[in-house]
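Note sheet for the following structure.
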Amino acid sequence: MKAIGILTSGGDAPGMNAAIRAVVRTAIYYGYKVYGIEKGYRGLLDEEFVEMDLSSVGDIIQRGGTILKSSRCDEFKTAEGREKAVEILENYGIESLVVIGGDGSFTGAKLLSELGVKTIGIPGTIDNDLAYTDYTIGFDTAMNTVIDAIGKIRDTSSSHDRVNIVEVMGRNCGDLALYAGVAGGAETIVVPEREIRTDEIVSKLRTTQKRGKKHSIIVLAEGADIEGGALGLKNALTVKDKADVRITVLGHVQRGGSPSAFDRILASKLGNKAVELLIEGKSKRVVGIKDNKIIDLDIDDALSMEKEFDQDLYEMAKILSI
Ligand code: ADP
């Protein structure tokens, strides 16, 4: 019987389990054997394989993290490492591999496909930093986690007339900061894609303070181009505005938690689609969602696309926070 392997790789994201469930159940439905490969490409090279059945993915659709675990693996970046991986997969009769992860993991999948393994990538990352898809699995849940935190911070910020800087994940992509900032009613949103001077932030604080609003929420992406990061901004605001500024770094809480309904449904659709593509004999593809439709495209094409920043939303956020 032909077998399909599945692994999760790179940073984990809520909804990865729902995707694993969809892949395993769809593959078994169509008569395939499925191996779960633990700890991403590391586990592939270490032969950490578990045969999956219908019940091994029971009771996981609502769980954050990934039951298959994830890791980073430098050995897989070498040609020898990948040749070894192909040999191991052949020994298990695995012709196809579903990889759930981000762009690094997709590059690995692409290189594996060039060695004859059929591969399909499913986007799993809270960063939403893949250009070819409107959403990645985990982004919606992370955004909701941030909004929840902003709500709580807003309460205490308002009680004490404080300025609160909320640092969220996003080294190169400001989607999490932008979307959560809009939904959380942040006064200022600072993203890696757009430069903003501290003077601008100060003058905005002064304007809102003049009309009686003493508290303020600044959502800052971790990769934002601001001198000294959150601490640098706090110091600048303290000096220039004499504001009482606090910093909340949300950190890894953003990566955990039960996936939202949106992420569970997206993950289910993408997992199902990935197996259908393999059954059609397709390889070196990634699946995603564009204009509310499930799509698939060549990995190279997907990775060469440049992520577009949502300038309209960014401008709108400025208008709504005057
Ligand atoms: P993400 O998939 O979230 O972008 P990483 O960039 O850390 O996360 O990639 C996860 C893993 O994918 C790496 O540890 C490595 O095993 C594999 N990988 C990443 N980049 C490459 C590459 N250029 N060639 C081969 N494998 C890669």
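Any value given below was found using the heavy atoms of this structure, including those in side chains, with hydrogens, waters and symmetry copies removed. Bear in mind that the values here come from a model prediction, so they are computed numbers and not experimental data. Numbering of ligands and ligand atoms starts at 1, following listing order.
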Close side-chain approach of Thr8 and Ile37, heavy atoms under 4.5 Å = no
Which pairs count as side-chain hydrogen bond (donor to acceptor under 3.5 Å, both in side chains) when at least one residue sits in residues 83-100, sequence neighbours excluded?
-> Glu47-Tyr92
Would you say Lys240 has more than 12 foreign heavy atoms packed within less than 6.0 Å of its NZ?
-> yes
Taking only residues two or more places apart in sequence or in another chain, which ones pass side chain to side chain contact (heavy atoms under 4.5 Å, CB included) with Glu80?
-> Thr78
side-chain hydrogen bond (donor to acceptor under 3.5 Å, both in side chains) pairs, two or more places apart, involving residues 211-222 | Glu187-Lys213
Does Gly15 offer a backbone N or O that forms a donor-acceptor pair with the side chain of Arg264 under 3.5 Å?
-> no
Proximal protein residues to ligand 1, non-hydrogen atoms under 4.0 angstrom | Ser9, Gly10, Gly11, Tyr41, Arg72, Cys73, Phe76, Lys77, Arg82, Gly102, Asp103, Gly104, Ser105, Thr107, Gly108, Leu111
